[in-house]
Amino acid sequence: MAARPATKPLVSALPPRKAGEVRYWLLKQEPEAFSFDDLLRAPKRTTCWDGVRNYQARNYMRDHMAVGDQAFYYHSNAEPPGIAGICEIVRAAYPDHTAFDPADDHFDERSDPDAPTWYMVDVRALEAVDPVFPLETLRTLPGLDGMLLLQRGSRLSVQPVTAAHWKRIRAAIAKR
DNA sequence: GCCAACGTTGGC
DNA sequence: GCCAACGTTGGC
């Protein structure tokens, strides 16, 4: 058994939230499906984050997100890929009803309405990051060691971001 | 469009 | 429980 590479210190279990603590996240979305501009144009600048079908991503949403947490809105499969906006969680996890709808792309026949498998949260746009702050630039910033997004093969669509990384990135965006 | 990396599935 | 096959993600 080879040693687990040092580049893989996944934050799978987060410590308990302290009273009043704000947590930070990164939410991936393909702009072709729903861009940050789409969110700005949505009623109340709010949408439900439906369609997550990965257990780890679900666990972060269901077990660790709270109203008031903030998140980077990240455009994946985009040109360029990068941070397109800042948003906040405005509703904590509740069942993802799209899993119950056979007509929906994200239908999952195994998700039982009486014991839902999949959950979503509601997010509201706070401000655009315009132009997009590119992944390529994130890779050049010091102080982002261990950031999940920057690790090879990282595909998780809901990722925790440490407060230190959040501050570092916000500062880099502001100073640009 | 390519393809490496990943998560899930299912045979055994 | 192992692990090969498969489908998906997402940068490039």
Side-chain angles (χ1 to χ4, degrees), chain A residues 1-14 24-39 47-65 70-87 89 93 95-113 115-121 123 125 128-162 165-166 168-170 172-173 176:
Chain A
M1 168 76 79
R4 172 167 282 240
T7 51
K8 218 167 178 183
L10 204 76
V11 193
S12 49
L14 296 176
Y24 301 99
W25 306 93
L26 182 144
L27 299 172
K28 278 187 201 171
Q29 179 60 280
E30 303 193 9
E32 195 171 306
F34 197 81
S35 69
F36 190 76
D37 274 349
D38 291 331
L39 181 57
T47 192
C48 55
W49 207 259
D50 61 327
V52 170
R53 297 292 181 268
N54 169 282
Y55 287 101
Q56 191 165 15
R58 178 207 66 183
N59 291 348
Y60 283 138
M61 286 200 298
R62 187 191 60 184
D63 304 335
H64 296 290
M65 276 188 188
Q70 297 191 17
F72 292 127
Y73 194 111
Y74 180 87
H75 281 178
S76 61
N77 259 324
E79 185 47 53
I83 295 169
I86 311 294
C87 51
I89 309 304
D96 182 344
H97 56 78
T98 66
F100 310 137
D101 178 3
D104 195 278
D105 283 348
H106 301 287
F107 173 62
D108 180 356
E109 61 181 1
R110 292 168 301 182
S111 187
D112 175 358
T117 306
W118 304 113
Y119 285 79
M120 59 189 180
V121 298
V123 305
V129 172
D130 188 17
V132 164
F133 195 82
L135 174 61
E136 185 181 22
T137 308
L138 281 172
R139 291 195 187 285
T140 69
L141 293 184
L144 297 186
D145 292 349
M147 187 175 179
L148 234 46
L149 180 75
L150 305 183
Q151 291 178 25
R152 182 175 171 76
S154 164
R155 304 186 350 186
L156 202 58
S157 65
V158 175
Q159 305 183 358
V161 174
T162 67
H165 290 170
W166 178 270
R168 180 72 193 83
I169 294 168
R170 293 291 321 242
I173 291 170
R176 179 167 65 161

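Every chain is numbered from 1, with letters handed out A, B, ... down the list of sequences. Note that this is a predicted model, so its numbers are computed, not measured.
- Contact of the A/Q70 side chain with the A/V161 side chain is not registered, since no non-hydrogen atoms from C-beta on lie closer than 4.5 Å.
- One can place CD1 of A/I83 at 15 Å from P of C/dG10, the figure rounded to the nearest angstrom.
- Atom pair A/H75:NE2 and C/dG10:P shows a separation of 13 Å (rounding to whole Å applied).
- Listed candidates were B/dT9, C/dC12, C/dG10. Nearest to the side chain of A/K28 is C/dG10.
- A/Y74 has a side-chain polar atom (N or O) that falls below the 4.0 Å cut-off from OP1 or OP2 of C/dG11.
- At whole-Å resolution of the value, CG in A/L149 and C1' in C/dC12 are 15 Å apart.
- The CG-P distance, from A/L26 to C/dG10, rounds to 10 Å in whole Å.
- Regarding A/L148, its CG atom lies at a distance of 11 Å from the P atom of B/dG7, rounded to whole Å.
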**OP:** Using the side-chain hydrogen bond (donor to acceptor under 3.5 Å, both in side chains) rule, take A/D96 and A/T98 through it: C-alpha gap first, then chi angles, then the decisive distance, then the call.
**Re:** CA-CA 5 Å; A/D96 182 344; A/T98 66; 2.5 Å; yes

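- Checked by atom type, the side-chain pair A/Q159/A/S154 shows a donor-acceptor distance below 3.5 Å.
- Distance from the side chain of A/R155 is smallest to C/dG7 among B/dA4, B/dT8, C/dG7.
- One atom, CG of A/N54, and another, P of B/dT9, lie 11 Å apart when rounded to the nearest Å.
- A/R53 comes within 4.0 angstrom of no nucleic acid atom, judged by non-hydrogen atoms across all strands.
- For an aromatic pair to be called close, the ring centres must be under 6.0 Å apart, and A/Y119 with A/W49 fails this.
- Between A/W25 and A/Y74, the distance separating the two ring centers is not shorter than 6.0 angstrom.
- We find that CD of A/Q151 is positioned 16 Å from C1' of B/dA4, with the value rounded to whole Å.
- Put simply, A/R58 has no side-chain N or O that comes within less than 4.0 Å of OP1 or OP2 on B/dG7.
- The separation between A/H106 atom NE2 and C/dT8 atom C1' is 12 Å, rounded to whole Å.
- Where A/N77 and A/G153 meet DNA chain B, the nucleotide closest to each residue was compared, and A/N77 sits on the side nearer the 5' end.
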